[in-house]
Each structure stands twice: as C-alpha cells, then as structure tokens.
Amino acid sequence: MKLVLATGNRGKVREFREMCEAEVIPYKELTGELEIVEDGESFAQNALIKARTIFEALDEEAIVIADDSGISLPILDGAPGIYSARYAGEGASDKENLYKLIDALKTKGLRETPAYYTAAIAVVSSKGEYVVHGWMHGTAIDEARGDKGFGYDPMFIPEGYALTLGELDDAVKKAISHRAKAMALAKPIIEMLQRK
Ligand code: ITT
C-alpha cells in the first residue's frame, strides 16, 4: 500500500525519505497542492488535521503520514512551539523565522538558552488513526551557524554536542532527532497497518 506524506516541507520530505525503507510519496504528487487549515491547539491535533485532510483527498487506499513539529524555548514560555512555521508571520520563510528567534534571544540579552524540538507524527489509514511523539533537547544560541538541516537547525546545539545541527553531519540528526524518535515509534504502527 502507498505511503503518502502529508507535508509540503522539503526538509521533512528529505528526512522521511532517509528514515523510511519503503518509498514515501509527497501528497502534492498525487493531489496537487491543498490548503490545510492547521487550527489545532497541540502538535498532535495539527498532525492529525494534516493526515486526515490528505487521507480524505486521496482517491485510493493509502497510509498517510503527517508531521507537526517545532522548537520551544522555556525562557519564552514555550514559544514559538506550534507556531514555529509562522513565528515571523503567515507565509514567513525559514530564514525569517530563524532570525526572529535569534532576535528574541538578543532582546533578552541571552547568548544561549535551553530549547527543545517536538515532533508529533500522525498515521491515518482506513484501519485507524495513531499519533506518536519524539523530542530532542539542547541549546538555542544567538547566531546561525552552518547550512545543513532546515528551519531553526543553524541555531540549535543538541545535548552532548558542541556544534549546531547546521554544522553537524546529517547522520547525527538522523540518529538523535525528534522526528527520528517519533518515526521509530510510528514504524511498527505502519508495518502493522500494511499487514492488516
Ligand atoms: P507541513 O505543515 O507542510 O508539514 P511546515 O513547515 O508548515 O510543513 P509545521 O507546521 O510542522 O510544518 O512547522 C514546523 C516548523 O518548525 C518548520 O517550519 C521549522 O521551522 C520548524 N522545525 C520543525 N522541525 C524542524 C527540524 O527538524 N529542524 C529545524 N526546524 C524544524
């Protein structure tokens, strides 16, 4: 059965392709671009909204995988959190969001502060709906370093490392990321749904 990714984020598509042994198809290749209204109040609700929207739009049986994720800073009461993609405003680019968060640290006079990424992965098929989570803890810094990864990666140093995810090899992120941890939990669910 087809595995369809309910995301328009190219960074996520690249990471899912690397994590999944089976082929995963970005939904746009099947349905064209769709408007998805992410008005949930949690990562889990938004991941389910995305997966359900694409599941309903497909005209064939499929397992749909969606990811809702973001970075949270306790010093900012958890912001940007579920608003990570639109932190600098609706339609903001990754770079605009990144530099807005760097500015927020500078405004507080902080060189660095604890931060963590959350990923909620929703899996929707005709056999049921599931949501799992993964987290990655570390430090947010007041500058962007490196150009690997995407989004806030150039300002995030994972726990146990001295470099940002923008500087570290892709293999490191693949081993320790919030998305990889959530995907490790989603994998047996997807395999079970494929067998059913
Ligand atoms: P889709 O909804 O189409 O999947 P999106 O980019 O809008 O794409 P989200 O609503 O889940 O996705 O927002 C996630 C944002 O959080 C994303 O735009 C990044 O800025 C940030 N983010 C999430 N995971 C990240 C990661 O692994 N590395 C860097 N930034 C990340």
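Whatever order the structure lists them in is the order used to number ligands and atoms, beginning at 1. These numbers come from a predicted model, not from an experiment.
Here is the list of ligand 1 atoms found below 4.0 Å of a heavy atom in S84: 15 (C), 16 (O). Shown in contact with D153 at under 4.0 Å from a heavy atom are these atoms of ligand 1, numbered in order with element: 26 (C), 28 (N), 29 (C). Listed by number with element, the atoms of ligand 1 under 4.0 Å from a non-hydrogen atom of K50 are 1 (P), 2 (O), 4 (O), 9 (P), 10 (O), 11 (O), 12 (O). Close approach to D68 involves these atoms of ligand 1, each under 4.0 Å from a residue heavy atom: 9 (P), 10 (O), 11 (O).
Under 4.0 Å from ligand 1, heavy atoms of F150 appear from its side chain as well as its backbone.
The shell of residues lying under 4.0 angstrom from ligand 1, judged by heavy atoms, excludes I71.
On a distance-only criterion, G8 and ligand 1 share at least one N/O pair closer than 3.5 Å. Remark: ligand 1 and N97 share no N or O pair separated by less than 3.5 Å (distance only, no angle test). In terms of polar-atom proximity, defined here as any N/O pair under 3.5 Å, E15 makes no such contact with ligand 1.
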Show me the donor-acceptor pairs, under 3.5 Å and distance only, between side chains in residues 89-101 and residues at least two apart or in other chains.
residue: S93; atom: OG; partner: E96; partner atom: N; Å: 3.1
residue: S93; atom: OG; partner: E96; partner atom: OE1; Å: 3.4
residue: D94; atom: OD2; partner: G151; partner atom: N; Å: 2.9
residue: E96; atom: OE1; partner: S93; partner atom: N; Å: 2.8
residue: N97; atom: OD1; partner: Y87; partner atom: N; Å: 3.3
residue: N97; atom: OD1; partner: A88; partner atom: N; Å: 2.8
residue: N97; atom: ND2; partner: S84; partner atom: O; Å: 3.4
residue: N97; atom: ND2; partner: A85; partner atom: O; Å: 3.0
residue: N97; atom: ND2; partner: S93; partner atom: O; Å: 3.4
residue: K100; atom: NZ; partner: Y87; partner atom: O; Å: 3.3

Enumerate, atom names and distances included, each donor-acceptor pair closer than 3.5 Å involving a side-chain atom of residues 178-190, sequence neighbours excluded.
residue: R179; atom: NE; partner: D67; partner atom: OD2; Å: 2.6
residue: R179; atom: NH1; partner: E15; partner atom: OE1; Å: 2.7
residue: R179; atom: NH2; partner: S69; partner atom: OG; Å: 3.0
residue: K181; atom: NZ; partner: W135; partner atom: O; Å: 2.7
residue: K181; atom: NZ; partner: I176; partner atom: O; Å: 3.4
residue: K187; atom: NZ; partner: M19; partner atom: O; Å: 3.3
residue: K187; atom: NZ; partner: E21; partner atom: OE2; Å: 3.3

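The neighbour count for E41 CD, taken as heavy atoms of other residues, nucleotides or ligands under 6.0 Å away, does not exceed 12.
Here the straight-line distance linking atom OH of Y27 with atom NZ of K50 works out to 10.0 Å at 0.5 Å rounding.
The option from K173, K12, K95 that lies nearest to atom 26 (C) of ligand 1, judged by heavy atoms, is K173.
Between the side chain of N46 and the backbone N or O of G40, at least one donor-acceptor pair lies under 3.5 Å. Checking side-chain atoms of T164 against main-chain N and O of R145 turns up a donor-acceptor pair under 3.5 Å.
F16 places a side-chain heavy atom less than 4.5 Å from the side chain of I121.
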